[in-house]
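Keep in mind that what you see is a predicted model, and the values were worked out from it rather than measured. These values consider heavy atoms only, across backbone and side chains, with no hydrogens, waters or symmetry-generated copies.
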Amino acid sequence: MSGNIEEAGVRMLTEEELISGVVEKHKRFLEEYRKEFEELDSKINQFEEDTKNARISKTQMAERKEVLKEKRQQYYHQVEGLLEKELFPKLDPVTVDKIKEDIKKLKGQIEPEEEHKLIDSFMENLQERTREKEVGESLLLQTRARVEEARNSNMELKEIKESEKQLEEDDGSKNSEISKNKPQHKWLSSKIKSHEEALSYWEKQKV
């Protein structure tokens, strides 16, 4: 039989050659799988790092929002304090109530653009009242400075809310990518381990 094979030009491989072939096959698979695994591992690690950083950013944003809300209310409270001391004693109760109602509106959760319009109207009204009662310009300047600071806080609040929304979208996308790539990552890890064990076994057979 062996004579027939040799006559046909087919040479039987020795055991050593067969083992070398198997070793090379496992090495080739290992190289291929390891390369893909490293790329995927790096990708997943980056996504996980981004997700972790997003959590930190969200916490910082939430804390900053609370500070800004508090600051905004404080500025309007200071406005009330100023007016109660300098202007309200010179006005009739109906006018005082009207001004207090305007401040209450300003204190509410409104968009910065709406707040800007209300501030303009409020300051215009106040200017009339102070002119009538001959109250000093200083009160108007101090009031204007505080309502503008309150509005600035509200503008920053809006920016943070928009950033939070974007962060939430990006974070959802990253989590989706992690979930999508994890099965392949696990499969490659299992394949690498399997080929490493096989390679170790066959290399020992060469000795």
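With hydrogens and angles disregarded, a donor-acceptor distance shorter than 3.5 Å links the side chain of S57 to the backbone of N53. A donor-acceptor distance shorter than 3.5 angstrom exists from the side chain of Q205 to the backbone of Y201, with no hydrogens or angles considered. Side-chain atoms of E80 never come within 3.5 Å of backbone atoms of K100 as a donor-acceptor pair (strictly under, hydrogens ignored). A distance-only check finds a donor-acceptor pair linking the side chain of T51 to the backbone of F47 [under 3.5 Å]. Remark: the backbone N or O of S121 is not paired with any side-chain donor or acceptor of N125 at under 3.5 angstrom. S176 places no side-chain N or O within 3.5 Å of a backbone atom of G172 that could act as its donor or acceptor partner.
For Q74, the side chain to side chain contact (heavy atoms under 4.5 Å, CB included) criterion is met by E70, not counting sequence neighbours. Applying the side chain to side chain contact (heavy atoms under 4.5 Å, CB included) test to K69 and every residue at least two apart in sequence or in another chain returns E66, L157. In this structure R55 satisfies the salt bridge (Lys or Arg N to Asp or Glu O under 4.0 Å) test with no other residue, sequence neighbours excluded. For the side chain to side chain donor-acceptor pair (under 3.5 Å) test, no residue two or more places apart in sequence or in another chain qualifies with E31. Legend: residues meeting side chain to side chain donor-acceptor pair (under 3.5 Å) with K117, ordered by chain and number and at least two apart, are absent.
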Derivation of the side chain to side chain contact (heavy atoms under 4.5 Å, CB included) call for I99 and F122:
CA-CA 8 Å; I99 293 172; F122 175 75; 3.8 Å; yes
Could you walk me through whether V67 and E63 pass the side chain to side chain contact (heavy atoms under 4.5 Å, CB included) check?
CA-CA 6 Å; V67 169; E63 288 168 358; 5.8 Å; no
List the steps, then state whether side chain to side chain contact (heavy atoms under 4.5 Å, CB included) holds for N45 with E48.
CA-CA 5 Å; N45 284 339; E48 286 175 342; 3.8 Å; yes
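Neither side chain, Q78 nor Q142, offers a donor N or O lying under 3.5 Å from an acceptor on the other. Using a 3.5 Å distance cut-off with no hydrogens or angles, the side chains of D170 and Q166 do pair a donor with an acceptor. For the 3.5 Å distance criterion, the side chains of D50 and Q46 qualify, holding a donor opposite an acceptor.
K165 and E168 are not joined by a salt bridge, as no carboxylate oxygen comes within less than 4.0 angstrom of a charged side-chain nitrogen. One finds a salt bridge joining R34 and E196 here, because a Lys/Arg side-chain nitrogen approaches an Asp/Glu carboxylate oxygen to under 4.0 Å. Of the charged side-chain nitrogens involved, none lies within less than 4.0 Å of a carboxylate oxygen, so that E156 and R72 do not count as a salt-bridged pair. K98 has a carboxylate O that lies under 4.0 Å from a charged side-chain N of D102, or vice versa, which qualifies the two as a salt bridge.
Here the side chains of I44 and E177 are not in contact, with every heavy-atom distance at 4.5 Å or above. Side-chain contact between K65 and K161 is present, with heavy atoms from C-beta onward closer than 4.5 Å. With a 4.5 Å cut-off on side-chain heavy atoms, L106 and V79 do not count as touching.
The environment of E162 atom CD is dense: over 12 non-hydrogen atoms of other residues, nucleotides or ligands sit within 6.0 angstrom. Enclosure of atom CD in E15 is not indicated, since only 12 or fewer non-hydrogen atoms of other residues, nucleotides or ligands lie within 6.0 angstrom.
Across all their heavy atoms, H185 and L40 have their closest contact at N-CD2, 3.5 Å. Nearest approach of L83 to I103, heavy atoms of both residues: CD1-CD1, 4.0 Å. Nearest heavy-atom pair across Y75 and R146 is CB-O, 3.5 Å. The two residues N154 and E111 have their closest heavy-atom pair at ND2-C, 4.0 Å. Smallest separation of non-hydrogen atoms from K158 and E113: NZ-OE2, 3.3 Å. Nearest heavy atom pair, residue M155 against residue P112, reads CG-CB, 3.6 Å.
In the hydrophobic clustering of ILVMFWY residues, with side-chain heavy atoms under 4.5 Å counting as a link, I192 and V23 come out together. Using a 4.5 Å cut-off between side-chain heavy atoms of Ile, Leu, Val, Met, Phe, Trp and Tyr, with links allowed through other members, L188 and I178 fall into different hydrophobic clusters. With hydrophobic clusters built from ILVMFWY side chains whose heavy atoms lie under 4.5 angstrom apart, W202 shares a cluster with Y33.
Interatomic distance, OG of S163 versus CD of E159, reported as 7.5 Å (0.5 Å rounding). With rounding to the nearest 0.5 angstrom, the CG atom of L82 is 10.5 Å from the NE2 atom of H77. Note: Q127 CD to T143 OG1 = 11.0 Å, rounded to the nearest 0.5 Å. Atom CG of residue L68 and atom CE of residue M61 lie 12.0 Å apart, to the nearest 0.5 angstrom. We find the CZ-OH distance between R151 and Y76 to be 9.0 Å, quoted to the nearest 0.5 Å. Here the NZ atom belonging to K85 is positioned 10.5 Å from the CG atom belonging to L139, to the nearest 0.5 angstrom.
Between R129 and the choices L140, T95, V96, the side chain to side chain contact (heavy atoms under 4.5 Å, CB included) rule is met once, by T95.
Counting only residues at least two apart or on different chains, the side-chain hydrogen bond (donor to acceptor under 3.5 Å, both in side chains) pairs with a member in residues 18-28 are H26-H195.
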